[in-house]
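Take a look at the structure below.
Ligands are counted one by one from 1 in listed order, and the atoms in each one are counted from 1 as well.
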Amino acid sequence: MINIAFPKGRLGKKVYALFEKAGFSWPGMTDDNRKLVFTHGDMRAFWVKPFDVPVYVERGTADIGVAGKDILLERSPDVYELLDLKAGACSMAVAAPQGFRDNSSDTLRVATEFPNIARKYFASQGRDIDIITLRGSLELAPILGLSDVIVDIVETGTTLRENNLCVIDRFQSLSARLIANKSSYKFKEDVISMIIRRLAVD
Ligand code: PRP
């Protein structure tokens, strides 16, 4: 049996379509219901919260899984990153209200869902920051004065534009990655390699 963790939500739908195209599918998996675990032959697939995929894979509950590069950079799990699936291509960026000027004598207040990524980025710039960790709708923070800037995912840029924010620095490309548990990769290498081969064909 091989266990595969899929990220629930927008990215999950795109990634599941890639698996289907590669010949892997689990009946009912994209139906509108609350079911989480699906078995087909000797493959079991389950939906987990995107941030939790590396947890399931690192602990071996899932042999492989799909996680956004953003989540891998944020959590630094001890897993193998096997393949860039190219799905959900977007960037990690610093954004601020139109006309924002950074006053480097003040500590910069940064709202983000990705405190480790933000800390590392601003450390590389030698900039003092105060991190405010939020769970989504980050655009609100600078609008309401909770933060000066945000570090967030930008895909089309629509969310920023509609909230009068602009990109200051797009510093990291992101996309979905296939990851594997290290010992699963050793003991189930045949089947994992077969999955990679089929997914890697365009
Ligand atoms: C993400 C991100 C931005 C938006 C960017 O949010 O946090 O808000 O997508 O996409 P765009 O550049 O195409 O507008 P998501 O929809 O995942 O929800 P969240 O705000 O709850 O994180």
- Nearest atoms (heavy-atom pairs only) where Ala118 meets Ile131: CB-CD1, 3.7 Å
- Task: Please verify whether a non-hydrogen atom of Asp152 lies at under 4.0 Å from ligand 1.
- Result: yes
- Element-labelled atoms of ligand 1 that are located less than 4.0 Å from some non-hydrogen atom of Thr159: 4 (C), 5 (C), 8 (O), 10 (O), 11 (P), 14 (O)
- Query: Can you list the ligand 1 atoms lying under 4.0 Å from a non-hydrogen atom of Glu113?
  - Reply: 22 (O)
- Item | Distance from atom 21 (O) of ligand 1 to nearest protein heavy atom, with residue and atom | Gly136 CA, 3.8 Å
- Considering only heavy atoms of Thr156, which atoms of ligand 1 have at least one such atom less than 4.0 Å away? 11 (P), 12 (O), 13 (O), 14 (O)
- Taking atom 18 (O) of ligand 1 as the reference point, report whether a protein heavy atom occurs under 4.0 Å from it. no
- Query: Does Arg161 have a non-hydrogen atom less than 4.0 Å from ligand 1?
  - Reply: no
- Message: List the residues meeting side chain to side chain donor-acceptor pair (under 3.5 Å) with Asn3, not counting sequence neighbours, and say none if there are none.
- Response: Arg44
- Could I get the full list of ring-ring contact (aromatic ring centres under 6.0 Å, His included) partners for Phe187, not counting sequence neighbours? none
- Message: If you count heavy atoms of other groups shown closer than 6.0 angstrom to OH of Tyr56, is the number above 12?
- Response: no
- Any N or O of Gly157 that comes nearer than 3.5 Å to an N or O of ligand 1? yes
- Task: May I ask you to decide if the ring planes of Phe171 and Tyr121 are parallel, tilted or perpendicular, using 30° and 60° as cut-offs?
- Result: parallel
- Query: Is there any N or O on Glu139 that sits under 3.5 Å from an N or O of ligand 1?
  - Reply: yes
- Closest non-hydrogen protein atom to atom 6 (O) of ligand 1, residue and atom name please, with distance? Arg10 NH2, 4.2 Å
- Query: Aromatic rings Trp26 and Phe19: how do their planes relate, parallel, tilted or perpendicular, breaks at 30° and 60°?
  - Reply: tilted
